[in-house]
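As the structure is a prediction and not an experimental result, all values here were calculated from the model. Lettering of chains follows the sequences in order, A, B, ..., and the numbering in each one begins at 1.
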Amino acid sequence: MRDSVRVRFAPSPTGYLHIGGARTALFNWLFARHNKGVFVLRIEDTDRTRSTEEYIEAILDGMTWLGLDWDEGPFRQTERMDVYRRYIERLLDEGKAYYCYCSPEELEERRRAALKEGRPPKYDGRCRDLDSPPADRPPAVRFRMPRTGQTIVEDLIRGPVVYENEQLDDFIILRSDGSPTYNFVVVVDDVDMGITHVIRGDDHLNNTPKQIHIYRSLGFPVPEFAHLPMILGPDKTRLSKRHGATSVQAYRDMGYLPEALLNYLVRLGWSCGDQEVFTKEELIEKFSLEAIGKSAAVFNPDKLLWLNSQYIKDSPADYISELLVPFLQREGLVGEGEDIDREWLRRAVATLQERSRTLLEMARSMRYYMLEYVELDPRAKEKFVNEKTKPLLEDVRRGLAGVEDFSAGEIEKVFMSVVERHNTKLGKVAQPVRVAITGNTVSPGIFEVLEIVGKERVLKRLDRAIEGI
RNA sequence: GGUCCCAUCGUCUAGUGGUCCAGGACGCCGGCCUCUCACGUCGGUAACACGGGUUCGACUCCCGUUGGGACCGCCA
């Protein structure tokens, strides 16, 4: 029986929850759920100048929307300052850390010079063994890194990664203002929270040897590490705002379903044979770190769009209807607090499910279902609603007016008799009616469209179209 | 500049030494279905970065080259 798995997602609230962060959260969540472990949420807000409450809210909100529920937290680092200081004291007492009196400006200066001369911009260790400290400035605290030997990161995805200790430098663990830095804090938190597996972005791989030394110097066991490949933009650089919409809420607002986004994200780096579409339960069951690839992946909006369309098509109409309401409101088709006939909406949605790729698209298609009248597209009108088709429209109007039970089945009968009387084809009748009713040449099947629009409005729109010829 | 990581169709990927003249998915192109558009369905396009080894045999193992990425902060 292995120890129970504990993982965490630890975003810094300096922005919205973005695609990359969401995928990291997802992998952690899946790993926890698959192993019946614990998923901890921790907010890395030690950067007080850039962290905001608004972003914290946005991140929690995004997680909730995606259905990535956490078992513990959210913990905040700013609430744990005394814990960090205690450990720093200990390191100082044991000689595993030391005060550094170099000013940020001096450091920056030296770094620039080193870079310019092509030397590694590494701290030179000049305060490492200081015996007479200058008393005139507040010191920072640096970690005393071993100068020989090597450190091996046993990564679950990449295998062993070897670092020469001489490449590592004495990094700052406590700023001169008394606040601890990331590479230190992350270790203390992960230890305190009993994290067994650190699953995070590839960009942290090079920080890992430093952190391993912190674990060791504090006498704590080193957790397992799994570094996820990055998500890239089309130009193969790290995905960022430059590449357009990258926040989770942006996708929500564009009408993507959370399960579609999750499904897309999980396939960026993880695979399970040839399977593309997974339910959440399947993901939990099938997920494993071993099946994660090593190479970075380019974000492909087209495939996400396709997946979204699959989910819209295959979800129950009730569910889609529910999600659609906010979009209808935003499109001005439903007033705030206005009641809509749920059963009618469900039927309308059902006709649009296989031809909408996003909820926003669907909401826009709902115009001709919900408005009293629609504008006819000029080109469509010219081609289909004209002198030539007028007799057809009039005949359809006449037939429809006499229909008691205004159902798709009865409507079809009217169309068929019109087709027969004029010795023509259904298409010749359907298109003019489609344009008259929807304003355009594209819609679901004409019989069901008419049924949903309803007899009264159908007749009114036909009248108006005929008058407009 | 240093260190580290990565490398199969345009993109996401399957492949774990022979079953691969490389499979699936998105996209794109064409057929079918059809009242339009979609959906669906059938078919097509398109890849093992390069060079050395190892081996009877390499997409698969090793080395190098090239290309890409990440990190080198008193940011996280």
Taking atom C1' in both B:rU8 and B:rC20, compute the distance separating them and give it to the nearest angstrom. 12 Å

Is there a Watson-Crick or G-U wobble partner for B:rU34 with both distances under 3.5 Å, and which nucleotide is it? none

Please state whether the phosphate of B:rA76, meaning OP1 or OP2, lies under 4.0 angstrom from any side-chain nitrogen or oxygen of A:R175. yes

If you only use heavy atoms from C-beta on, which nucleotide in B:rC4, B:rA76, B:rC6 is closest to the side chain of A:N206? B:rC4

Let's test this: given Watson-Crick or G-U wobble pairing with both distances under 3.5 Å, identify the partner of B:rC20. none

Using OP1 and OP2 only, check whether a side-chain N or O of A:Q310 sits under 4.0 Å from B:rG40. yes

Under a 3.5 Å cut-off for both distances, is B:rU55 Watson-Crick or wobble paired, and to whom? none

Please work out which of the three classes, parallel, tilted or perpendicular, describes the rings of A:Y99 and A:Y101, given edges at 30° and 60°. tilted

In terms of the angle between their ring planes, are A:Y251 and A:Y256 parallel, tilted or perpendicular, with boundaries placed at 30° and 60°? perpendicular

From CD of A:E448 across to P of B:rC37 the rounded distance in Å is 15 Å

In terms of side-chain heavy atoms of A:D274, which of B:rC74, B:rC5, B:rG24 is nearest? B:rG24

If you measure from the P atom in B:rG15 to the same atom in B:rC9, how many Å do you get, rounded? 16 Å

Considering Watson-Crick and G-U wobble pairs with both distances under 3.5 Å, what does B:rU3 pair with? B:rA70

Taking the side chain of A:Q167 as heavy atoms from C-beta outward, which of B:rG2, B:rA7, B:rG1 is closest to it? B:rG2

Is there a donor on the side chain of A:R434 or the base of B:rC35 sitting less than 3.5 Å from an acceptor on the other? yes

Rounded distance (Å) that lies between atom P of B:rC72 and atom CG of A:D202: 13 Å

Given the P atoms of B:rC63 and B:rG68, what is the spacing between them in whole Å? 22 Å

Taken to the nearest whole Å, NZ/A:K236 to C1'/B:rA49 is 11 Å

Whole angstrom value for the distance that separates C1' of B:rG24 from CH2 of A:W270: 14 Å

With rounding to the closest Å, how many angstrom separate the P atoms on B:rC42 and B:rU60? 33 Å

Rounded to whole angstrom units, what separation is found between the CZ atom of A:R111 and the P atom of B:rG1? 19 Å

Nucleotide nearest A:E44 (side chain, heavy atoms from C-beta), chosen from B:rU3, B:rA76, B:rC6: B:rA76

Looking at the base of B:rC37, is there any donor atom on it, or on the side chain of A:R355, that sits under 3.5 Å from an acceptor on the other one? yes

For B:rU11, which nucleotide in any strand shown is its Watson-Crick or wobble partner with both distances under 3.5 Å? B:rA25

Among residues at least two apart in sequence or on other chains, which ones pass salt bridge (charged side-chain N to carboxylate O under 4.0 Å, His left out) with A:E106? A:R110, A:R137

Interatomic distance at C1', B:rA46 relative to B:rG53, whole Å: 31 Å

Could you check whether the side chain of A:S443 and the base of B:rC37 have a donor-acceptor pair of N or O atoms closer than 3.5 Å, going by distance alone? no

Hey, is the side chain of A:D45 pairing donor to acceptor with the base of B:rA76 inside 3.5 Å? no

For the pair A:Y55 and A:Y16, name the ring-plane relationship: parallel under 30°, tilted 30 to 60°, perpendicular over 60°. perpendicular

Side-chain donor/acceptor of A:E354 to base of B:rG40, under 3.5 Å: no

Looking at A:D318, is its backbone amide N or carbonyl O close enough to the side chain of A:R346 to form a donor-acceptor pair, meaning the two atoms are under 3.5 Å apart? no

Ignoring the backbone of A:A430, work out which of B:rC35, B:rC6, B:rG2 is nearest its side chain. B:rC35

Of the options B:rG1, B:rC74, B:rA76, whose atoms approach the side-chain atoms of A:Q77 most closely? B:rA76

Would you check if the side chain of A:D170 reaches a backbone N or O of A:R144 as a donor-acceptor pair within less than 3.5 Å? no

A:Y163 OH to B:rA70 P, in whole Å, measures 15 Å

Would you say the side chains of A:S179 and A:D177 form a donor-acceptor pair under 3.5 Å? yes

Any A:S176 side-chain N or O less than 4.0 Å from OP1/OP2 of B:rC74: no

Base-pairing assignment for B:rC50 (Watson-Crick or G-U wobble, both under 3.5 Å): B:rG64

When rounded to the nearest Å, what value does the distance between C1' atoms of B:rG30 and B:rU16 take? 37 Å

Could you check, using the six-membered ring where one of them is a Trp, whether A:F171 and A:Y123 have ring centers closer than 6.0 angstrom? no

Ranking B:rA76, B:rA70, B:rC39 by distance to the side chain of A:K313, first place goes to B:rC39

Rounded to the nearest Å, what distance is computed from the CD atom of residue A:E412 to the C1' atom of nucleotide B:rU34? 13 Å

Would you please confirm or rule out a distance under 4.0 Å between OP1 or OP2 of B:rC71 and any side-chain N or O of A:R238? yes

Measure from the side chain of A:Q431, starting at C-beta and using heavy atoms only, and say which of B:rC35, B:rG2, B:rA70 lies closest. B:rC35

C1' atom, B:rC21 versus B:rC48: distance in rounded Å? 13 Å

Provide the distance between the two P atoms, one in B:rG51 and one in B:rU13, to the nearest whole Å. 26 Å

